Protein chains: 2
Amino acid sequence: MALTQTAETRYTKPVLVAVNKPFDDEDGLKALRSHPLFSELDGKDLQHLIQQSRRIRLGHHQLLYRQDMPAHHFFFVISGRLRLYRLDSSGIDRTLDSIAPGDCFAEVMIYADPPRYACYAEALKSSEVLMIPVKAYQDMLESNPKYAQAALRHYAKRAVSRFHDLEIMTVQNARDRLIRYLIDLLPNGAEEGGEVELPLPKCLVASRLAMQPETFSRILADLKSNGLVRVNRSRLFISDPQRLIEISQ
Amino acid sequence: MALTQTAETRYTKPVLVAVNKPFDDEDGLKALRSHPLFSELDGKDLQHLIQQSRRIRLGHHQLLYRQDMPAHHFFFVISGRLRLYRLDSSGIDRTLDSIAPGDCFAEVMIYADPPRYACYAEALKSSEVLMIPVKAYQDMLESNPKYAQAALRHYAKRAVSRFHDLEIMTVQNARDRLIRYLIDLLPNGAEEGGEVELPLPKCLVASRLAMQPETFSRILADLKSNGLVRVNRSRLFISDPQRLIEISQ
DNA sequence: GGGAGTAATTGACCTAACTCAAAGTGTTCT
DNA sequence: AGAACACTTTGAGTTAGGTCAATTACTCCC
């Protein structure tokens, strides 16, 4: 059974109407081309896709789309950062993901039926995204079946991350959940320690990990006082990941 | 950073070696054909795929594959029921999913690189599965690009379910998590109430919902005493889903 | 059918984490 | 620069839910 959505009060800012602007800067193009969904496309096809897309600028906290809105586009982040979240019937805001430059989002909706956004998307700071018409991408896939392989790989990867999320979220205590989250944030091969940047403000990381901001703060303070992490704003330095893992056991 | 796997003590039963047996019964074939990954295949291709596959019988609690094992096959459930789980470094068992007849699993690994199982899979009761070689399916997709569309739709759907899981798991109290879980189990359109069969033994549902079996039991007892559900073994009758949702708010 | 083993329930106790409140620290806007 | 606002931290009190222990109910075998 599906839950019905009733809360819709807190967001007064309107959904953005596109600001037209060409997408032609070198860096942006390079980033786009290095994304698995686009890297296989040959120059002509990519160009055509970009021509049909629009570049959008979002202000801090600006809403890009709403949950359950018909989904005619998916997005590629050029700059800034966004977050995906849901609102439940009592209006509680659940952060599901944060999206960094070079990432795509809402791309899974291409094949939903009917295509509706599964969550809200808002900018965490001023950001630019490329708004790509679902139909344009779909048409291209159909006329160039070889592209489908890359898309399949991409989607399969997404599907796998479900296991990962579930593994963290079935951890029953807040401290260990947070530790697991931090470990996952460490770049691969950083067994000797490393720095991690929280992809969300602390209060939203807390929400993502199903705990209160106060709990998050206290756990971090505790790890800090035990010399397990050093904290500088949203940057955390983890000197001994192995010890952290042992503690979380 | 990836966590290293150290616990591997509790499973003494060996990984199954295939029992060869043709897959030709009408019901099984019909079920297979109605799965989105196979429904588009024309008869010849499907037949060929089946010929390359093997039918496997699993006993109660028998392990089908282990996490991190190289994944050369994916599976279709003919009968019985399986569960997917992970073991963390302290040996705690986290149930991630249960698989019913007519479902596929490990199919996302087709495109993983390197292809390794992301979790353990074991039979919850005596079961039969069809073991399909990844390569056979992949070859078929490549030689018949039209099939890729169906596969894409399937994978996209899987990816969407991540949001759903996260939405439940970010609910901060056990009672509401359980209620959400039950509501999701209700067939679509059962606003007037209906019966739900727990897809897992209660203690594993509890694990899936990040709570203790005792907590699960107490919450259910409480809902029962408030007339919100009637419980008969693993079958729950929910008379007034709307009221349940209101309570969980 | 009886015994072993597993799953579920119930009770008592205790602690992790929530709630509310207030103060501190940044950040943005004018 | 200063006001307004959002985010973070800290403290105190409370409670949801975890832990441990004991009982009951199933299930599977022999």
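As the structure is a computational prediction, the values presented were derived from the model and not from experiment. Naming: A, B, ... by sequence-line order, numbering from 1 per chain.
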Rounded distance in Å - CG (L220(B)) to C1' (dT10(C)): 14 Å

Partners meeting side chain to side chain donor-acceptor pair (under 3.5 Å) with N173(B) (sequence neighbours left out): D176(B)

is_close_aromatic(F75(B), Y65(B)), centroid dist under 6.0 Å: yes

Please list, one pair per line, the donor and acceptor atoms closer than 3.5 Å that link side chains of residues 228-235 of chain A to other protein atoms, with sequence neighbours excluded.
{"from": "S234(A)", "atom 1": "OG", "to": "E197(A)", "atom 2": "OE2", "distance (Å)": "2.6"}
{"from": "R235(A)", "atom 1": "NE", "to": "E195(A)", "atom 2": "OE1", "distance (Å)": "3.1"}
{"from": "R235(A)", "atom 1": "NH1", "to": "E197(A)", "atom 2": "OE1", "distance (Å)": "2.3"}
{"from": "R235(A)", "atom 1": "NH2", "to": "E195(A)", "atom 2": "OE1", "distance (Å)": "3.1"}

R81(A) and S98(A): side chain donor to acceptor below 3.5 Å: yes

pair H164(A)-D184(A): side-chain heavy atoms closer than 4.5 Å: yes

Sequence-aligned protein contact record of nucleotides 17-30 of chain C, with B where the base is within under 4.0 Å of a protein heavy atom and S where only the sugar-phosphate is: SSBB-----SS---

Spatial distance of atom CG (L185(A)) from atom CG (L198(A)) [nearest 0.5 Å]: 6.5 Å

For D240(A), salt bridge (charged side-chain N to carboxylate O under 4.0 Å, His left out) partners two or more places apart: none

Under the salt bridge (charged side-chain N to carboxylate O under 4.0 Å, His left out) test, residues paired with D97(A) that sit two or more places apart: R162(B)

Bend angle of the helix from dG1(C)-dC30(D) to dT30(C)-dA1(D), from helix axes over five pairs at each end, nearest 10°: 60°

Interatomic distance, H73(A) atom NE2 to S53(A) atom OG [nearest 0.5 angstrom]: 8.0 Å

First-last contacting nucleotides on DNA chain D - partner chain A, under 4.0 angstrom, heavy atom: dT8(D) to dG18(D)

Set of residues satisfying side chain to side chain contact (heavy atoms under 4.5 Å, CB included) with respect to A71(B), sequence neighbours excluded: M109(B), P115(B), Y117(B)

Strand-adjacent residues in residues 223-232 of chain B, judged by heavy atoms under 4.0 Å from DNA chain C: none

Residue pairs involving residues 199-209 of chain B (criterion salt bridge (charged side-chain N to carboxylate O under 4.0 Å, His left out); sequence neighbours excluded): D165(B)-R208(B)

Residues within residues 195-205 of chain B bordering DNA chain C, heavy-atom distance below 4.0 Å: P201(B), K202(B), C203(B)

Cationic N near anionic O, under 4.0 Å, R83(A) to D93(A): yes

Lys/Arg N to Asp/Glu carboxylate O, R86(B) vs E167(A), below 4.0 Å: yes

Partners passing salt bridge (charged side-chain N to carboxylate O under 4.0 Å, His left out) against R218(B) (at least two apart in sequence or in another chain): none

Side-chain touch I168(B)/R177(B), heavy atoms, less than 4.5 angstrom: yes

